Asks: 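Take this structure first; my questions come after.
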Amino acid sequence: MENVLSLQVKFIHPGKSSGVLFRVRAAQGMYAQGETPLETQADNSREIFEEILKKTRAKIALKNSDISEVLLQMTYDPSFISSMLKGVEEGKSLKTSIEEGIAQLRMKSLKMEDLFFLEKLREFEILAQKLLDVLNALKIEYPEVPFILLIENPSPLDLLDAPENLLVGVISKDVAEGSHTAILAKQMDIPLVVVKQGWALLEEGKNVVIHGNKVSLSNASAQTLTPLSHDHMTRPITKDGSLISLFLNAAFEKDLDFLSFPFVKGIGLFRTEMAFFNKDEFPSMEDQRIFYAKIFEKAGSSPIAFRVMDIGGDKIPSYFPNAPEHNPLLGWRSIRIALDRPLIFKHQIRALLRAGAGKSLYILFPLLTEASEFYPLLDLLETEMKREQEMGHPLPIKIKKGVMIEVPSFAWHFHTIAKDIDFASVGTNDLFQFFFGVDRMNPHLSKRYDVLSPIFLSFLKHISDVARENYKTLSVCGEMASKPIEALALLGLGFKTLSCTPQALTPIVHMIHSLDLKSFKAYLTPLLGLKEHSLREHLKAYAQDHKIDLGE
Ligand code: PEP
Ligand code: MG
């Protein structure tokens with residue numbers, strides 16, 4: 001007997017699945033974005049602190065080095081311990097308390113001129129970060145059957161931490177369409193649902209079926225339904241003969257299975273941070289090399305644009321706990337971290353150069369804000385290439401350098417560096433939020449502005465025109481390229497290369513097959529001058545009249 005719940009739900013990523021509901025509880029120590037279970041447990045913060053101190057000591061003791069000796073001694077330092085617990089004394093959560101302790105250490109380091117004490121402060125900072133890592137990694141006992149995660153505000157890490165083959169869906173209370181959690185759910189092809197009303201009805205341990213636009217309780221045993229299938233596809237040519245280049249966005253080895261579709265040209269965006277996101281420690285150069293070598297091998301002759309680690313914002317790996325920021329998406333993220341901490345970047349570049357020896361290596365630099373940030377990165381790349389040569393390691397046969405256009409100031413500056421790059425890709429997810437000054441993570445604002453507004457589209461057209469004038473390959477790898485109506489607008493603006501999530505391939509190809517591009521361009525161009533909020537309804541009407549398949 002199936003009992004259909006009258007829940008009001010919204011699909012952030014549709015799909016079908018069934019599994020047992022698994023609610024993430026405070027006692028299990030799972031942390032999510034925003035208020036974490038640990039943050040609500042001020043009472044036993046001290047106990048948890050003792051526990052993580054013990055675990056940290058055990059972890060440090062495993063490493064036999066001089067610095068481990070020093071760190072171990074430091075874990076007993078009473079003033080360090082009280083500085084880590086200062087926030088708890090003030091009634092804050094343990095996590096916040098340690099994060100504030102780290103921020104304090106950083107502030108002191110900035111002011112410290114004496115090199116000896118500066119070094120000491122850095123060691124304390126390393127130790128504090130280790131404590132935070134251990135706190136974050138308190139493990140959860142997941143069910144051993146397919147399960148659906150019930151979590152108020154899921155973060156990418158919540159999805160990545162769960163066993164991949166058993167996590168079949170996520171039911172949440174609050175998640176924005178533009179968030180990395182949503183992008184990741186799409187990438188992993190697991191349905192992500194937001195419950196608007198009836199959250200309290202969802203009880204842990206019940207079997208739930210997510211299907212169509214319903215979430216229903218079921219007494220049947222948990223069993224994953226057949227995943228969405230992809231139709232047979234043919235070359236992406238419009239009705240009037242324009243060939244569109246289609247690439248994939250990928251993050252995991254299994255995403256490369258989709259390269260077997262004959263018309264997919266390669267990986268337009270490989271999010272390198274994802275595979276290492278839920279590790280306890282920063283991935284070593286060798287771990288990274290092994291992973292990238294597997295990706296190269298699986299991709300065969302298809303090009304892969306490796307985007308260098310794009311952490312920070314809503315992507316905070318457990319091994320890199322950031323100090324709390326007021327506006328994390330406007331904060332210390334991505335290439336800004338790479339420029340300040342070049343060692344992280346150097347290790348990744350070294351791993352990519354070694355994995356790509358004898359092959360073509362495409363490197364994509366994200367979140368550049370001004371052209372001047374690009375050149376120090378190039379210098380670092382060249383230094384690493386020279387180092388590899390001196391060590392007698394073979395280099396890739398060619399290295400192509402690409403930039404992501406995600407910040408309006410960089411789009412404005414794009415023409416000044418176009419000659420120095422090989423390719424570019426527009427990250428519309430970030431570009432949109434910075435253009436409108438609207439947080440991509442805030443579900444309450446996700447409908448307020450539209451990517452199909454005439455001003456945003458005119459801005460995108462400007463970028464596309466600059467690339468064409470400079471004979472540079474330009475793609476779009478943000479989510480706009482994965483939604484038929486938005487991808488239609490991109491083609492109308494002159495973009496000819498799209499990099500989509502694997503699940504979007506079929507609908508995007510159907511849209512392309514049903515489109516007369518020349519007539520659509522003639523229709524769209526004058527609309528860009530309108531003062532309207534959005535052109536979405538115009539495009540829908542045009543598509544209906546001209547039988548363009550938007551899959552709606
Ligand atoms: C983007 O911002 O559009 C993009 C592709 O990068 P990410 O979504 O990973 O920030
Ligand atoms: Mg981005």
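Numbers for residues simply follow the sequence, beginning at 1. Counting convention: from 1, in listed order, for ligands and their atoms alike. This structure is a prediction, so every number in the text was calculated from the model and none was measured.
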Asks: Answer yes or no for Asp310: is there an N/O/S atom below the 2.8 Å cut-off from the Mg ion (ligand 2)?
Replies: no
Asks: Any idea which part of Leu269 is under 4.0 Å from ligand 1, heavy-atom wise: side chain, backbone, both or neither?
Replies: side chain
Asks: Taking Asp257 first and then Lys254, would you say they form a salt bridge - that is, a charged N and a carboxylate O separated by under 4.0 Å?
Replies: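 No, no charged N to carboxylate O under 4.0 Å.
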Asks: Counting from 1, what ligand 1 atoms have a heavy atom of Asp430 closer than 4.0 Å?
Replies: 1 (C), 2 (O), 3 (O), 10 (O)
Asks: Within a distance under 4.0 Å of any heavy atom of Glu406, pick out the atoms of ligand 1 and give their elements.
Replies: 1 (C), 2 (O), 4 (C), 6 (O)
Asks: Using a heavy-atom cut-off of under 4.0 Å, does the side chain or the backbone of Lys315 touch ligand 1, or both, or neither?
Replies: side chain
Asks: Would you say the ring centroid of Tyr449 lies under 6.0 angstrom from that of Phe456?
Replies: no
Asks: Can you tell me which portion of Arg307 lies within the under-4.0 Å heavy-atom range of ligand 1? Options are side chain, backbone, both, or neither.
Replies: side chain
Asks: In terms of side-chain geometry, is the basic nitrogen of Glu177 or Lys483 positioned less than 4.0 Å from the acidic oxygen of its partner?
Replies: yes
Asks: Report the part of Ile183 (side chain from C-beta onward, or backbone N, CA, C, O) that has a heavy atom under 4.0 Å from ligand 1; answer both or neither where that applies.
Replies: side chain
Asks: Atom 5 (C) of ligand 1: which of Glu273, Glu479, Arg271, His180 has the nearest heavy atom?
Replies: Arg271
Asks: I'd like to know if Glu273 and Arg307 make a salt bridge, using a cut-off of under 4.0 Å between side-chain N and carboxylate O.
Replies: yes
Asks: I'd like to check which ligand 1 atoms, numbered from 1 as shown, lie under 4.0 Å from a non-hydrogen atom of Met404.
Replies: 4 (C), 5 (C), 6 (O)
Asks: Is there at least one pair of N or O atoms, one from Arg333 and one from ligand 1, spaced under 3.5 Å apart?
Replies: no
Asks: Show me which atoms of ligand 1 lie under 4.0 Å from any heavy atom of Cys477.
Replies: 5 (C)
